[in-house]
Amino acid sequence: MKFYLITILCLLFAPNFIFAATNDFVADANITVSAVTFGASTADMIIFNGSTAESWTFNSGAFTVTNPGSAFKVGSSDGNVKSIKISSGGSVLVCTENTTPGTSYATSPTSSGTYTIEPSSTTDCTTLCTTLANTATYNSYPTCGAASCNAGYRLSGSGSSATCVPIGGGGILVITPTVASTPKAPEVAKPSVVAQIVSPVFNKTLRYGMTSDDVKRLQELLAQDKEIYPEGIVSGWFGQLTRKAVQKFQCKYNIVCTGDEKTTGYGVVGPKTQAKLNEIFNTQPATMSVSSIFYFGLGKGMANSNVKRLQKLLNSDPDTMIAESGAGSPGNETEYFGSLTEKAVQKFQKKHGVATEGDPGYGYVGPKTRAKLKEIPNTI
């Protein structure tokens, strides 16, 4: 009789024991850790399938992992969680933005020790990086280093050592227009500066709760139409105002006008909405002549007008685009052949069967690549 009573008690309390501590842990499916405390709120966290560790513990809001294995991945399906930090001994070792709730995750270090996993309601990963002059965006913490630069500057170095230096070494060239002495002709409406420099090409689904540069570009585009987005707030946060603006855009251009995100995609920037955004806001002149003939090789570290011409050609194909925003993106081509240009050349070579990983000249514009570039129409 005592044996059966002990067995029943063990079965009743087994789930609580498992979530309190698990030894020699291997996740064979996604596991939800409920009500992890952060600030004044709580959120459900996810231990992703395949995560391994000696143990993990959740007690009164404290979420820790001991001696993680080759992979221990933690995320959250809660859109209020903007970033996830992993620390040890009071020092933050990993910080990952929760850009896609339920899919994004932070990966714990694999060295022995106990690590605290902490959700955050703010996107504060980049604030952990040391400020670098003329830097537009940073690499993921803790690598840090410049990821893109302000106008007039180019990347120098890579990873944590990347910095922004003046293009040509002489700073930014400011050209002062000549004032005409004759009376000015009446001004005509011109496309906004935003329309000329913001790329309308999106390769990822955007939805409510996300924070990213893609969302910022989306807001800049939608703000050009006051009927769609009269508030015009450009924050990078996909909130209720942005969702409402997307719905107005979808309805105006007959994409979808009823339902919601889950049933019809109403308010979500999916493939159809992305295609229409590209169609409506793509202001790149259709008759801009760019020669696709190159008489000598181009490679990483070079800086000249031929590199800028190369970037324009690569940007004419969404599959080989240098960048979606910032330096090197359509309308923001530079004369510097950096890592982004090298990757775009590699995409071009793979797409057209010129070269692939491990082949000589992979990422370099040599004879074969130049011959293939000549086949691109010189009007883009």
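Keep in mind that this is a model prediction, so the values were computed, not measured. Along the sequence shown, the residues carry numbers beginning at 1.
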Discussion item. What I'd like to find out is whether the side chain of Q274 reaches to under 4.5 Å of the side chain of V269, using heavy atoms alone.
Written reply: yes
Item to complete: Indicate the atoms forming the closest heavy-atom contact of L310 with F337, along with that distance.
Response: CD2-CE1, 3.8 Å
Practice prompt. Determine whether the aromatic ring centres of F238 and Y208 lie less than 6.0 Å apart.
Written response: no
Item to complete: Find out if a path of hydrophobic residues (ILVMFWY) with successive side-chain heavy-atom gaps under 4.5 Å connects F25 to I46.
Response: no
Item to complete: State, to 0.1 Å, how close Y115 and P68 come at their nearest heavy-atom pair, and which atoms those are.
Response: CE1-CD, 3.6 Å
Worksheet item: What orientation do Y105 and F48 show, parallel under 30°, tilted 30 to 60°, or perpendicular over 60°?
Response: tilted
Discussion item. If you count heavy atoms of other groups shown closer than 6.0 angstrom to CZ of R207, is the number above 12?
Written reply: no
Discussion item. If you compare all heavy atoms of I228 against all heavy atoms of K248, which two are closest, and at what distance to 0.1 Å?
Written reply: O-CD, 3.3 Å
Worksheet item: Quick one: do V354 and F294 end up in the same hydrophobic cluster if we chain Ile, Leu, Val, Met, Phe, Trp and Tyr together by side-chain heavy atoms under 4.5 Å apart?
Response: no
Fill in: Pair D214 + R217, salt bridge at N-O below 4.0 Å
yes
Worksheet item: If every non-hydrogen atom of T163 is compared with every non-hydrogen atom of C149, which pair is closest and at what distance?
Response: O-SG, 4.4 Å
Discussion item. Is it the case that the side chain of R309 and the backbone of I293 share a donor-acceptor pair, with hydrogens and angles ignored and the cut-off at 3.5 Å?
Written reply: yes
Item to complete: Starting from the C-alpha separation in whole Å, work towards a yes-or-no answer on side-chain contact (heavy atoms from CB on, under 4.5 Å) for L93 and I86.
Response: CA-CA 6 Å; L93 304 177; I86 301 177; 5.6 Å; no
Discussion item. Under 6.0 Å from the ring centre and within 45 degrees of the ring axis: does the NZ or CZ of R154 meet both conditions for the six-membered ring of Y336?
Written reply: yes
Worksheet entry | D319 and its side chain to side chain donor-acceptor pair (under 3.5 Å) partner, picked from K347, K351, K350 | K351
Worksheet item: Do Q250 side-chain atoms and A245 backbone N/O form a donor-acceptor pair below 3.5 Å?
Response: no
Worksheet item: If you measure from the Lys or Arg side-chain nitrogens to the Asp or Glu carboxylate oxygens, is any gap between K252 and D225 under 4.0 Å?
Response: yes
Worksheet item: Between S199 and V201, is there a donor-acceptor pair closer than 3.5 Å when you use the side chain of the first and the backbone of the second?
Response: yes
Practice prompt. Report yes if some heavy atom in the side chain of I322 is under 4.5 Å from a heavy atom in the side chain of N332; otherwise report no.
Written response: no
Item to complete: Give a yes or no on whether Y362 and M302 share a hydrophobic cluster (residues Ile, Leu, Val, Met, Phe, Trp, Tyr; joining criterion: side-chain heavy atoms under 4.5 Å apart).
Response: no
Worksheet entry | Nearest non-hydrogen partners of T114 and S88, listed with the distance | O-OG, 3.4 Å
Worksheet entry | L340-L373 co-clustered via ILVMFWY side chain contacts under 4.5 Å | yes
Practice prompt. Look only at the side chain of D359 and the backbone of T356, and say whether a donor-acceptor pair between them is shorter than 3.5 Å.
Written response: yes
Discussion item. Does atom CD (Q240) have a neighbourhood of more than 12 heavy atoms from anything else shown, all under 6.0 Å?
Written reply: no
Worksheet item: When you measure from the side chain of Q219 to the backbone N and O of T242, does any donor-acceptor pair fall under 3.5 Å?
Response: no
Worksheet item: Out of curiosity, N278 CG to L221 CG, how far, rounded to the nearest 0.5 Å?
Response: 10.0 Å
Worksheet item: Taking a hydrophobic cluster as the set of Ile, Leu, Val, Met, Phe, Trp and Tyr residues connected by side-chain heavy atoms closer than 4.5 Å, whether directly or through intermediates, do V246 and V234 fall within one such cluster?
Response: no
Discussion item. Looking at E279 and K276, is there a salt bridge between them, counting it only when a charged N and a carboxylate O are closer than 4.0 Å?
Written reply: yes
Item to complete: Look at the side chain of S76 and the backbone N and O of D44, then say whether any donor-acceptor pair between them is shorter than 3.5 Å.
Response: yes
Worksheet item: Are the side chain of N98 and the backbone N or O of K82 linked by a donor-acceptor pair below 3.5 Å?
Response: no
Practice prompt. Ignoring hydrogens and angles, tell me if any N or O in the side chain of T57 forms a donor-acceptor pair with the backbone of T64 under 3.5 Å.
Written response: no
Discussion item. Counting C-beta onward and ignoring hydrogens, is there a side-chain heavy-atom pair between T96 and T107 closer than 4.5 Å?
Written reply: no
Worksheet entry | Nearest heavy atoms of S108 and V65, plus distance in Å | OG-CG1, 4.3 Å
Worksheet item: Is there a donor-acceptor contact under 3.5 Å from the side chain of D213 to the main chain of K216?
Response: no
Worksheet item: So, the side chain of Y253 versus the backbone of T273: is there a donor-acceptor pair under 3.5 Å, distance only?
Response: no
Discussion item. Counting C-beta onward and ignoring hydrogens, is there a side-chain heavy-atom pair between M45 and V74 closer than 4.5 Å?
Written reply: yes
